[in-house]
Every structure is written in structure tokens, then in C-alpha cells.
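Structure, as C-alpha cells:
Ligands are counted one by one from 1 in listed order, and the atoms in each one are counted from 1 as well. Side-chain atoms are counted along with the backbone in the values below, which use heavy atoms only and exclude waters and symmetry mates.
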Amino acid sequence: MNKDTRIYIAGHRGMVGSAIWRTLTGKGYTNLIGKTSTELDLRSQTQVAIFFETEKPEVIIDAAARVGGILANNNYPYQFLMENMQIQNNLIDFSLKADVQKFIFLGSSCIYPKLAPQPLKEEYLLTGPLEPTNEWYALAKIAGVKSCEAIRKQFGKDYISLMPTNLYGTYDNFDLNTSHVLPAMMRKFHEAKENGNTPVELWGSGTPMREFLFVDDLADAVIFALENKFQENLYNVGTGTDLTIKELAELIQNAVGHTGEILWDSSKPDGTPRKLMDVSKMEQEGWKAKVGLKEGIQLTYQWYLKNQETFKQVKL
Ligand SMILES: NC(=O)C1=CN([C@@H]2O[C@H](COP(=O)(O)OP(=O)(O)OC[C@H]3O[C@@H](n4cnc5c(N)ncnc54)[C@H](OP(=O)(O)O)[C@@H]3O)[C@@H](O)[C@H]2O)C=CC1
Ligand SMILES: C[C@H]1O[C@H](OP(=O)(O)OP(=O)(O)OC[C@H]2O[C@@H](n3cnc4c(=O)[nH]c(N)nc43)[C@H](O)[C@@H]2O)[C@@H](O)[C@@H](O)C1=O
């Protein structure tokens with residue numbers, strides 16, 4: 001990939017998009033394009049048509065989406081289904097029409113069936129029912145994967161889909177209603193410590209297992225996919241190891257230094273019991289995650305401490 005290729009990073013202000021932007025800039029890429037959702041609403045076909053006409057991007061990295069944790073997914077099924085389909089349909093279809101040669105689509109590990117064998121192999125896609133709390137989002141993401149696969153099959157273009165596991169890191173969403181578990185725990189433990197180690201209330205039973213990838217590792221994987229031509233359409237991106245939500249809570253509680261009680265609110269959903277990625281396909285291509293969970297939590301907490309007054313809170 002030439003360093004002056006015109007690369008549009010959709011969602012460049014988000015946790016993932018900003019990490020991709022930082023990493024590409026650090027590697028000397030000089031022609032990056034970024035637009036906020038106010039400047040360019042990717043749900044609008046008209047706006048996206050004008051954008052392609054005027055900016056003429058050569059490569060697209062799609063990190064723009066309606067994103068949220070288990071409760072947001074469960075409470076706003078229509079937005080998670082429709083907005084994600086609108087965003088990705090516009091980007092993928094206009095990329096094809098504009099003869100964009102390379103497109104990287106980001107999905108999520110929740111596209112796989114709720115009770116699929118573990119670890120999750122790419123071939124398990126569409127082999128069983130989805131987890132109900134996020135089937136809306138998962139259906140949109142599956143349509144994105146299949147759109148890229150269809151273009152690859154029919155037109156021979158290098159359109160690929162990367163499926164990240166649960167992500168965390170700098171510029172994450174720390175809003176307690178819409179965030180994912182890791183930033184929510186960090187904020188809850190930090191604020192409880194500041195209030196004299198009051199009890200922290202967490203959701204569900206604590207028994208589900210999750211895998212966590214530091215966002216800079218995902219950015220590295222995306223750029224690896226940008227700079228190399230993969231043989232297939234769909235690749236999992238993760239660490240290949242997971243832990244229970246209870247174990248995660250203990251890790252974050254220790255990192256933050258909270259010494260109070262943990263209470264579990266069983267009225268909140270557990271979601272998928274386990275979704276550990278099989279990462280062997282990515283490893284065969286030559287990519288592996290580098291940042292361990294303890295290190296990633298430390299890096300994220302340092303960032304949180306410096307940015308707590310200004311961190312992003314997504315309100316749906
Ligand atoms: N976070 C996670 O744990 C995981 C995320 N992913 C995937 O990674 C990708 C990025 O997620 P993440 O960075 O966490 O999400 P964020 O919510 O941090 O960022 C999403 C970005 O999408 C942009 N966006 C949303 N709606 C629109 C719109 N209508 N028009 C234009 N831009 C829009 C936002 O732009 P603006 O800021 O300008 O409003 C925002 O910057 C998504 O595809 C997500 O599905 C996959 C697995 C796990
Ligand atoms: C990335 C992924 O993210 C979502 O799936 P999820 O992994 O279930 O999401 P989550 O991070 O919100 O929760 C993980 C686990 O943690 C428990 N939990 C405890 N206490 C809190 C808590 O305080 N907040 C949250 N959010 N969860 C908590 C929670 O009950 C659950 O058991 C989907 O949007 C899906 O579409 C998707 O792609």
C-alpha cells in the first residue's frame with residue numbers, strides 16, 4: 001500500500017477509528033480522510049454519494065457503526081439493526097460503484113451462533129440461532145460480511161471482513177447505560193473508591209466468559225490486513241484466551257484499588273455464555289495480538305484518569 005493512498009477511515013473519532021488513524025499516521029500514511037457524523041451522516045445515501053464524488057477515496061476502512069454494550073443492544077434493537085445496515089450498505093455499495101479496490105469491514109464476535117462450539121471458527125457462521133440480546137446488531141453485521149463476500153466472489157475485489165472480539169482501550173465509551181463491561185467496571189470501581197469504597201453493583205451472574213482485545217492491537221490487525229492480501233473473506237481477531245466476568249471484575253478492582261463489596265444484579269442479562277475466538281486463521285496469515293489484558297487495563301486506566309472530565313459518553 002502506497003503511503004499516499006487516499007484512505008477513508010469511517011468513524012475516525014470512535015475508539016477503533018481513532019486507534020487506526022493514530023497507527024496509520026505513525027506509520028507515515030499521509031492521505032487519510034476523516035469526517036464526523038455531523039459532517040457526513042453515513043445513513044444518508046445522498047450524502048455518501050456526494051462524499052465519494054468529491055473525495056474520491058481509494059481504500060475504505062469501515063469503523064463507523066451504532067455500537068453499545070449488552071443493555072443498549074437489547075433496548076434499541078431498531079437502531080442497532082437499521083443504522084448499521086444503512087451505514088454499511090451505503091459505504092459498501094458506493095465503494096463498488098466507485099471502483100474502490102480495497103474495503104475492510106469490521107463486524108463482531110456476536111455474529112456467531114449463541115451456542116456454537118468453542119473456540120469460534122469462522123466456518124460456524126450461520127449454523128445456529130443468535131444470542132437474543134444482540135441479534136439485531138449481529139444480523140446487520142452478518143449482512144455486511146456477506147455483502148463483502150459477494151463482491152469478492154462476483155467482482156474479484158479485495159473486500160474483507162475482520163471480526164473483532166470484545167474491545168477496550170483509550171477513547172472507549174464510559175457511559176454506564178450504553179457502554180461495554182470493561183469501561184463500565186473501570187468507572188464503577190473508580191467512583192466507588194473515591195466515595196470511600198462503597199459497594200459496586202455489576203450486572204448478571206458474573207459467570208459468562210469473555211475475551212478482550214486492546215484497541216491498539218485491533219488497529220495493528222487492521223493495518224496488517226490493509227498492507228497484505230488475504231486469501232479469504234472472513235477473519236477472527238482476538239487474543240484466543242478468555243476469562244469469566246467475575247475474574248475480570250477482580251482484575252479491574254485490583255487495578256483501580258477498590259476494596260469494597262461487589263454485588264451482582266441478576267435482573268440484568270448475562271448474554272452469550274461464552275464467545276472465545278479461534279484466531280488460528282489470522283495467525284496463519286502472520287498476525288498475533290501483543291498486549292496482555294493486565295497491561296491493557298493499566299494503559300486504559302491511566303488514560304481514564306487523565307480524561308475522566310471529558311470522556312465520551314454515547315447517549316442513545
Ligand atoms: N467496541 C467493541 O467492543 C467492539 C467494536 N466492534 C466494531 O468496531 C467498530 C468501531 O467500534 P467502536 O470504535 O467501539 O465504536 P464507537 O462508538 O467508539 O465509534 C463509532 C463511530 O462511528 C461513527 N458513526 C456512528 N454513526 C454514524 C453515522 N450515522 N454517520 C457517520 N458516522 C457514524 C461515530 O462518529 P462520530 O463520533 O463522528 O459521531 C463514531 O466515531 C464497529 O464496527 C463495531 O461494530 C467490534 C467488536 C467489539
Ligand atoms: C462486543 C459485544 O458487546 C455486547 O455483548 P456483550 O459481550 O454481552 O456485552 P457487554 O460488554 O455489555 O457485557 C458483557 C458481560 O458483562 C456483564 N456485565 C457485568 N456488569 C456490567 C456492566 O456494568 N455493564 C455492562 N455493559 N456489562 C456488565 C454483562 O451482563 C455481560 O454478561 C453486544 O453488544 C454485542 O453485540 C457485541 O458485539
Side-chain angles (χ1 to χ4, degrees), residues 9-21 34-44 47-48 51 61-74 76 79-80 83-84 86-88 90-91 104-112 130-131 133-138 140-141 144 161-169 171-173 175-189 200-213 215 218-219 222 237-238 244-246 248-249 252 262-266 268-275 277 312 314:
I9 304 167
H12 76 297
R13 279 203 312 186
M15 175 174 70
V16 170
S18 61
I20 294 170
W21 186 285
K35 300 275 175 204
T36 66
S37 57
T38 315
E39 291 164 342
L40 169 61
D41 185 343
L42 292 168
R43 294 169 300 181
S44 158
Q47 290 186 30
V48 175
F51 167 77
I61 300 173
D62 180 6
R66 170 62 63 196
V67 180
I70 191 165
L71 214 58
N73 269 268
N74 203 28
Y76 300 95
Q79 275 105 324
F80 276 82
E83 291 188 19
N84 284 317
Q86 288 171 328
I87 291 170
Q88 71 203 30
N90 287 335
L91 281 176
I104 300 179
F105 177 69
L106 293 176
S108 162
S109 57
C110 70
I111 63 164
Y112 294 110
L130 298 164
E131 153 61 28
T133 54
N134 58 37
E135 64 177 319
W136 322 92
Y137 174 79
K141 293 292 188 182
S161 298
L162 300 181
M163 291 310 106
T165 189
N166 288 40
L167 302 168
Y168 69 101
Y171 297 95
D172 207 341
N173 167 23
D175 176 89
L176 294 179
N177 291 315
T178 57
S179 74
H180 291 96
V181 61
L182 197 149
M185 282 183 177
M186 196 167 276
R187 179 171 173 183
K188 285 179 178 180
F189 282 122
V200 161
E201 193 168 271
L202 299 176
W203 298 351
S205 63
T207 57
M209 299 189 77
R210 292 290 183 272
E211 175 185 1
F212 295 92
L213 181 73
V215 70
L218 176 68
V222 169
V237 187
T244 64
I245 292 299
K246 267 190 188 145
L248 178 73
I252 297 179
I262 300 177
L263 308 169
W264 294 92
D265 175 1
S266 59
K268 298 286 196 311
D270 266 345
T272 311
R274 195 177 187 197
K275 42 178 175 174
M277 291 292 215
K312 182 174 48 117
V314 178

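- Contact atoms of ligand 1 toward R43: 29 (N) (distance under 4.0 Å to a heavy atom of the residue).
- Proximity to C110 (heavy-atom distance under 4.0 Å) selects the following atoms of ligand 2: 35 (C), 36 (O), 38 (O).
- Summarising the geometry, atom OG belonging to S37 is positioned 8.5 Å from atom CZ belonging to R66; distances are rounded to the nearest 0.5 Å.
- With atom 14 (O) of ligand 1 as the reference point, the heavy atom nearest to it among Q47, Q86, M15, K141 is part of M15.
- Considering only non-hydrogen atoms, atom 5 (C) of ligand 1 lies nearest to L167 out of L213, L167, T178.
- Residue contacts with ligand 1 for N84 are absent, since no atom lies close enough (heavy atoms, distance under 4.0 Å).
- Here the side chains of T272 and P208 are not in contact, with every heavy-atom distance at 4.5 Å or above.
- Across the listed options N173, D270, V181, T272, D270 owns the non-hydrogen atom lying nearest to atom 31 (C) of ligand 2.
- Proximity of K188 to ligand 2, defined as any heavy-atom pair under 4.0 Å, is confined to the side chain (atoms from C-beta onward).
- Heavy atoms of E83 found under 4.0 angstrom from ligand 1: none, in either backbone or side chain.
- Judged by the shortest distance from any of its heavy atoms, N173 lies outside the 4.0 Å radius around the atoms of ligand 1.
- When each of V16, V222, L162 is checked for a side chain to side chain contact (heavy atoms under 4.5 Å, CB included) with I61, only V222 meets the rule.
- Only the backbone of L40 comes within 4.0 Å of ligand 1, judged by heavy-atom distances.
- When the heavy atoms of I111, D172, N166, T165 are ranked by distance to atom 47 (C) of ligand 1, first place goes to T165.
- Judged by distance alone, the side chain of K141 and the main-chain N or O of L106 form a donor-acceptor pair under 3.5 Å.
- Of all the listed residues (G107, S108, A63), G107 holds the heavy atom that lies closest to atom 7 (C) of ligand 1.
- A side-chain donor from one of D175 and T178 sits under 3.5 Å from a side-chain acceptor of the other.
- No side-chain heavy atom of N134 sits less than 4.5 Å from a side-chain heavy atom of F80.
- Shown in contact with T36 at under 4.0 Å from a heavy atom are these atoms of ligand 1, numbered in order with element: 38 (O).
- Listed by atom number, the atoms of ligand 2 under 4.0 Å from G69 heavy atoms are 12 (O), 34 (O).
- Looking at W264, Y137, W203 and measuring to atom 22 (C) of ligand 2, the nearest heavy atom belongs to W203.
- A heavy-atom distance below 4.5 Å is not found between the side chains of C110 and E131.
- Counting heavy atoms closer than 4.0 Å to ligand 2, residue A249 contributes nothing at all.
- Counting heavy atoms closer than 4.0 Å to ligand 1, residue Y137 contributes side-chain atoms (C-beta onward) but none from N, CA, C or O.
- Taking the six-membered ring where tryptophan is involved, the planes of F212 and Y168 are perpendicular, since the angle between them exceeds 60° and thus also 30°.
- With hydrogens left out, the protein atom closest to atom 3 (O) of ligand 2 is H180 CD2, 3.0 Å, a heavy atom.
- Of the options A140, A65, C110, the smallest heavy-atom separation from atom 20 (C) of ligand 1 is shown by A65.
- Protein heavy atom at the shortest distance from atom 26 (N) of ligand 2 is S179 O, 3.0 Å.
- In this structure, the protein non-hydrogen atom closest to atom 34 (O) of ligand 2 is N73 ND2, 2.4 Å.
- Within 6.0 Å of CH2 on W203 lie more than 12 heavy atoms contributed by other residues, nucleotides or ligands.
- For K35, no nitrogen or oxygen atom sits less than 3.5 Å from a nitrogen or oxygen atom of ligand 1, counting backbone and side chain alike.
- Of the options I20, I87, L182, L162, the smallest heavy-atom separation from atom 27 (C) of ligand 1 is shown by I87.
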Carefully, step by step, assess W136 and Q79 under the rule side chain to side chain contact (heavy atoms under 4.5 Å, CB included).
-> CA-CA 9 Å; W136 322 92; Q79 275 105 324; over 6 Å; no
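- Using modelled atom types, no side-chain atom of E135 and backbone atom of L130 make a donor-acceptor pair closer than 3.5 Å.
- Contacts of R66 with ligand 1, taken as heavy-atom pairs under 4.0 Å, are absent altogether.
- Of all the heavy atoms of I70, the ones lying under 4.0 Å from any atom of ligand 2 are found in both the backbone and the side chain.
- Protein heavy atom in closest approach to atom 35 (C) of ligand 2: N134 ND2, 3.3 Å.
- Residues V67 and H180 form a side-chain contact, since some pair of their non-hydrogen atoms from C-beta on lies under 4.5 Å apart.
- Residue-ligand proximity, G11 to ligand 1, at heavy-atom distances under 4.0 Å covers atoms 21 (C), 22 (O), 23 (C), 41 (O).
- Close contacts between ligand 1 and V16 involve ligand atoms 8 (O), 10 (C), 11 (O), 12 (P), 13 (O) [criterion: under 4.0 Å to a heavy atom].
- By the 4.0 Å heavy-atom criterion, E131 is excluded from the residues contacting ligand 2.
- The closest non-hydrogen atom to atom 6 (P) of ligand 2, taken over K141, E201, R210, comes from R210.
- Using a 4.0 Å cut-off to heavy atoms of H180, the atoms of ligand 1 that qualify are 1 (N), 2 (C), 3 (O).
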Intermediate values then yes/no, side chain to side chain contact (heavy atoms under 4.5 Å, CB included), M15 and L167 | CA-CA 9 Å; M15 175 174 70; L167 302 168; 3.7 Å; yes
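- Residues E211 and K275 are not in side-chain contact: their nearest non-hydrogen atoms beyond the backbone lie 4.5 Å or more apart.
- At under 3.5 Å, a nitrogen or oxygen of G68, whether backbone or side chain, sits near a nitrogen or oxygen of ligand 2.
- Proximity of K268 to ligand 2 is not established, as no heavy-atom distance is less than 4.0 Å.
- Heavy atoms of A72 found under 4.0 angstrom from ligand 2: none, in either backbone or side chain.
- The ligand atoms of ligand 2 that sit less than 4.0 angstrom from a heavy atom of S108 are 37 (C), 38 (O).
- Of the heavy atoms in V67, only side-chain atoms (C-beta onward) come closer than 4.0 Å to ligand 1.
- Residues I111 and M163 form a side-chain contact, since some pair of their non-hydrogen atoms from C-beta on lies under 4.5 Å apart.
- Considering all non-hydrogen atoms of both residues, G204 and D270 come closest at CA-OD1, 3.3 Å.
- Annotation: atom 15 (C) of ligand 2 to nearest protein heavy atom, I245 CD1, 3.6 Å.
- The shortest heavy-atom distance from A184 to ligand 2 is under 4.0 Å.
- Here is the list of ligand 2 atoms found below 4.0 Å of a heavy atom in K275: 2 (C), 5 (O), 6 (P), 7 (O), 37 (C).
- At a threshold of 4.5 Å between non-hydrogen side-chain atoms, the residues I87 and R43 count as touching.
- Residue contacts with ligand 1: L42 is placed with a nitrogen or oxygen under 3.5 Å of a nitrogen or oxygen of the ligand (distance criterion only).
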Apply side chain to side chain contact (heavy atoms under 4.5 Å, CB included) to the pair L202 and I245, showing each step before the final yes or no.
-> CA-CA 9 Å; L202 299 176; I245 292 299; 5.8 Å; no
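- For ligand 2, one of its N or O atoms has an N or O atom of P269 under 3.5 Å away.
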